[in-house]
**Student:** 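Pasting a structure here, questions to come.
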Amino acid sequence: KGAFIKLKKFFISPNFTRLLSKEFHVPMNLLKKKIIGVEHHVAHAAVAFYSSHFKSSAILSIDGSGEVATTLLGKFQGNKFTKLKQVFFPHSVGLLYSTITQFLGFRIDNGEGKVMGLAPYGEPVYKDIFDKMIWPTKNGKFKMNMSYFRYHFTGEKKTPFYSKKIVRLFGKPRIKESEITRRDQNLAATLQDSTEKIGIHLARHLWDLTREKNLCISGGVALNSVMNFKIKQNTRFKNIYIYPASSDAGCAIGSAYYLYYNLMNNAVQKVTQSPYLGPAYSDEQIEEACKKFKLKYTVQKDPDRLTQFAAEKIKQGKILGWFQGRMEVGPRALGNRSIICAPFPGKMKDILNDRVKHREGFRPFAPSAKTEGYKKYFDIDTPSPYMLLVCDVKKEKLDQVAAITHVDNTARLQTVSKEENPLYWKLIDKYEKISGIPVILNTSFNVRGEPIVSSPEDAIKCFLGTHMDYLIMGHHIVKK
C-alpha cells in the first residue's frame with residue numbers, strides 16, 4: 001500500500017510531466033490538463049466489462065503484476081465498480097507461469113502461449129511439488145512458497161526467475177532451441193493443471209461473493225484459453241467474456257472507459273467494441289507496395305468472386321495470406337491478418353509449422369467457424385469470437401478438421417459472425433458450399449519471432465519468405 005501511495009504521488013508530480021514530454025513527446029498543452037492514474041487491474045477490469053455489453057458482471061483480473069496487486073476480484077454494476085479482494089505481489093499466477101516458461105527455454109512475456117500448447121503432450125506428474133509452490137487458501141485467494149522463485153529479487157527478465165530449488169527438483173533448465181524432453185512436456189502439463197485449479201478456485205469464490213450470472217476475465221493470464229473454458233465448465237457463471245486484448249495492450253482502452261463511465265459518471269452506452277481497431281490500407285497503397293516489390297497481380301473488386309476464388313484455392317490445398325481491412329487488436333489473428341488453408345489433412349499442421357511459420361512442430365493452429373454451424377463440430381455452447389476458449393472437437397468430426405485439432409482432441413475456436421467480419425464470414429461460407437465444412441484453418445500472418453504483419457509491405461515480405469501459394473490483399477491477388 002505504501003508503494004502505491006508513492007506511485008500515485010508520482011503520477012501527478014512534475015517529474016512525470018517532464019517524462020511524458022521528453023520521452024513520449026506529449027505536447028505541453030495537453031500536460032497542463034489534469035492527469036489521472038487508473039490502477040492497472042481496474043483498467044483490465046474496465047476494458048473487459050464495458051466491451052462485454054453486460055449490465056452487471058463479476059470481474060476476475062489475473063496477470064503477472066500491476067502496481068502491487070497480481071489478482072483482483074471485483075464487480076461492475078453499470079458505472080459502479082466494487083473491488084472485493086486482491087492478491088498482492090509476489091504471489092502471482094502470471095509470474096509462476098513466466099518462471100516455468102523461462103525454465104523451459106522460452107522467452108518471458110512471449111513463450112507462455114507455447115507452453116500452453118506444449119502442455120497436452122505431457123502429464124501433470126509433478127502435482128505434489130507444484131502443490132507446495134502454489135495453493136488455494138480458504139479466503140478465496142492463493143499463496144506461493146517464494147523459496148522456489150527469484151523474480152521478487154530481480155525483475156530482470158534475462159536473469160533466472162527460478163531458484164536453485166527448482167533446479168535441484170527438475171534438473172538443469174532446457175537450453176533454448178534444444179530438444180524438448182518428456183520432462184519438459186510434463187512440466188508444462190503440471191503448470192497448466194495448477195493454473196487451471198487456481199483459476200477455478202478464484203472464480204468459484206467470486207461467484208459466492210457476487211452470485212452474478214456474468215463473468216469477465218481479464219489480465220495477461222486471461223489469454224490462457226484452456227483455463228478460461230475450464231472456468232466456464234466448473235463454475236456457476238452462465239456467461240463468460242474475455243476481451244481480445246486482455247493483456248496490458250488493453251489497459252489504455254480500459255483506462256479511457258473507467259475515466260468516462262466511472263470517474264466522470266457518464267451513462268453507460270451499448271457501443272459495439274470491434275476488435276478491428278488497427279490500421280487499414282487503401283487499394284492505392286496496396287498497389288504501390290506490389291509495384292515496389294515488382295509483383296504481378298490481378299484485381300478482383302467483387303467480394304463474391306474474390307471469396308469464391310479464395311475458397312476454391314483453399315479446397316485445392318493451397319495456403320493463402322489473407323490481408324483485409326483494419327488490423328486486429330490483441331495477439332490473436334481474427335481474419336484480417338491471417339494465414340489460412342483447409343482444416344485437413346492432419347499433415348497440413350506440420351507443413352505450416354515447417355514451411356510457412358518456421359516454428360516448433362508441437363504448436364497448434366486454430367479453426368475459424370461460422371457462428372451458424374460451429375456447434376456441429378465443437379463441443380461448446382457459447383460463441384468464441386476471439387480465440388479465448390479451448391473446447392473439445394466432436395469425435396465424429398475429427399477427420400474433417402484434423403489440422404486444427406490438438407493432440408488431446410481440443411481446438412482454440414474462433415467463431416465468425418456475419419455482422420462483425422462480413423468478408424471473412426463470406427469466405428468461410430463459400431468454402432462450406434464447395435466442401436461441406438464450415439471451418440477453415442486460421443493462424444496469424446507472421447513467422448516465428450516476428451510480430452503479426454501490419455502494412456502491405458510487411459505482408460509481402462512475409463509472403464516472399466515463406467511457402468504460401470497466394471497473397472490476397474484487399475482486392476489484389478498475388479500468386480507465388
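All figures in this text were calculated on a predicted structure; none of them were measured in a lab. In this chain, numbering begins with 1 at the start of the sequence shown.
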**Student:** Atom NZ of Lys418 and atom CD1 of Ile428: how far apart are they, to the nearest 0.5 Å?
**Tutor:**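 Rounded to the nearest 0.5 Å, the NZ-CD1 separation comes out at 13.0 Å.
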**Student:** What's the verdict on ring pair (Phe, Tyr, Trp, His ring centres under 6.0 Å) for Tyr121 and His406, showing C-alpha distance, side-chain angles and the deciding distance?
**Tutor:** CA-CA 9 Å; Tyr121 289 86; His406 210 349; 5.5 Å; yes
**Student:** Examine Tyr470 together with Phe309 and report whether their ring centres are nearer than 6.0 Å.
**Tutor:**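 Centroid distance Tyr470-Phe309: below 6.0 Å, so yes.
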**Student:** Is Glu432 paired with Lys370 through a side-chain N to carboxylate O contact shorter than 4.0 Å?
**Tutor:** yes
**Student:** Using distance alone, with no hydrogens and no angle criterion, decide if Tyr258 and Glu39 have a side-chain donor and acceptor under 3.5 Å apart.
**Tutor:** no
**Student:** Do the side-chain N and O atoms of His40 and Asp63 include a donor-acceptor pair separated by under 3.5 angstrom?
**Tutor:**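 The answer is yes; a qualifying pair exists.
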**Student:** With rounding to the nearest 0.5 angstrom, report the CG to NE2 distance, Leu306 to His476.
**Tutor:**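 Spacing of CG (Leu306) from NE2 (His476) equals 11.0 Å.
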**Student:** Please check: side-chain N/O of Gln285 versus main-chain N/O of Ser282, any donor-acceptor pairing under 3.5 Å?
**Tutor:**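 Side chain of Gln285 to backbone of Ser282, a donor-acceptor pair under 3.5 Å: yes, one is there.
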**Student:** When rounded to the nearest 0.5 angstrom, what is the spacing between CG in Leu413 and CD1 in Ile380?
**Tutor:**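 Leu413 atom CG to Ile380 atom CD1 measures 6.0 Å (nearest 0.5 Å).
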**Student:** Indicate, with yes or no, if the rings of Phe142 and His205 have centres closer together than 6.0 Å.
**Tutor:** no
**Student:** With a 3.5 Å cut-off and no angle check, do the side chains of Thr181 and Asp184 form a donor-acceptor pair?
**Tutor:**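 Result is yes, a qualifying pair exists.
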**Student:** Please work out whether the ring planes of Tyr50 and Tyr257 are parallel, tilted or perpendicular, with thresholds of 30° and 60°.
**Tutor:** tilted
**Student:** Would you find a donor on one side and an acceptor on the other, under 3.5 Å apart, between the side chain of Asn214 and the backbone of Ser56?
**Tutor:**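 Side chain of Asn214 to backbone of Ser56, a donor-acceptor pair under 3.5 Å: yes, one is there.
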**Student:** Does the Lys394 side chain pair with the main chain of Lys375, one donor and one acceptor, at a distance under 3.5 Å?
**Tutor:** yes
**Student:** Output yes when a side-chain donor or acceptor of Ser435 lies under 3.5 Å from a complementary backbone atom of Tyr431, and no otherwise.
**Tutor:** yes
**Student:** So, Lys80 versus Asn262: side-chain donor-acceptor pair below 3.5 Å or not?
**Tutor:** no
**Student:** Do Asp392 and Thr410 meet the criterion of a side-chain donor-acceptor pair at a distance under 3.5 Å?
**Tutor:** no
**Student:** Report yes or no: is the cationic atom of Arg107 (NZ for Lys, CZ for Arg) closer than 6.0 Å to the six-membered ring centre of Phe161, at no more than 45° off its axis?
**Tutor:**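 Checked: cation-pi criterion not met.
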**Student:** Under 3.5 Å, is there a donor-acceptor pair between the side chain of Arg332 and the main chain of Leu223?
**Tutor:**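 Flag set: sc Arg332 to bb Leu223 pair under 3.5 Å.
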**Student:** Could you tell me whether the side chains of Ser246 and Tyr386 share a donor-acceptor contact shorter than 3.5 Å?
**Tutor:**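 The answer is no; no qualifying pair exists.
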**Student:** Looking at Lys461 and Glu457, does any basic side-chain N land under 4.0 Å from a carboxylate oxygen?
**Tutor:** no
**Student:** Do Thr405 and Lys349 get their side chains close enough for a donor-acceptor pair, meaning under 3.5 Å?
**Tutor:** no
**Student:** Please determine, by modelled atom types, if Ser455 and Asp458 share a side-chain donor-acceptor pair under 3.5 angstrom.
**Tutor:**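 Yes, a side-chain donor-acceptor pair sits under 3.5 Å.
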**Student:** Has Arg337 got its NZ or CZ under 6.0 Å from the middle of the six-membered ring of Phe323, at an angle within 45 degrees of the ring axis?
**Tutor:**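 Because its charged atom sits under 6.0 Å from the ring centre and within 45° of the axis, Arg337 does stack over Phe323.
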**Student:** Do Asn421 and Asn336 have side-chain atoms, one donor and one acceptor, less than 3.5 Å apart?
**Tutor:**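 Side chains of Asn421 and Asn336: pair found under 3.5 Å.
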**Student:** Between Gln300 and Asp302 (side chain of the first, backbone of the second, donor and acceptor by atom type, cut-off under 3.5 Å), is there such a pair?
**Tutor:**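 Yes.
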**Student:** Whether the Ser384 and Gln414 side chains hold a donor-acceptor pair (N or O, under 3.5 Å, no angle test) is what I'd like checked.
**Tutor:**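 Absent: no donor and acceptor within the cut-off.
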**Student:** Do the side-chain N and O atoms of Arg182 and Gln185 include a donor-acceptor pair separated by under 3.5 angstrom?
**Tutor:** yes
**Student:** Can you say whether the rings of Phe81 and Phe76 are parallel (under 30°), tilted (30 to 60°) or perpendicular (over 60°)?
**Tutor:** tilted
**Student:** For residues Gln192 and Tyr97, is any side-chain donor paired with an opposing acceptor at under 3.5 Å?
**Tutor:**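 Their side chains do contain a donor-acceptor pair, which is all the 3.5 Å distance test asks for.
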**Student:** Rounded to the nearest 0.5 Å, what separates atom CG in Leu352 from atom NE2 in His467?
**Tutor:** 12.0 Å
**Student:** Under a 3.5 Å cutoff, is there a donor and acceptor pairing between the side chains of Ser61 and His41?
**Tutor:** yes
**Student:** Should the ring pair Tyr424 and Trp322 be called parallel, tilted or perpendicular, given that the plane angle runs from 0 to 90° and is split at 30 and 60?
**Tutor:** tilted
**Student:** Can a cation-pi geometry be assigned to Arg174 and Phe106, taking NZ or CZ under 6.0 Å from the six-membered ring centre and within 45° of the ring axis?
**Tutor:** yes
**Student:** Side chains of Gln316 and Glu312: any donor to acceptor distance under 3.5 Å?
**Tutor:**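 No, no side-chain donor-acceptor pair sits under 3.5 Å.
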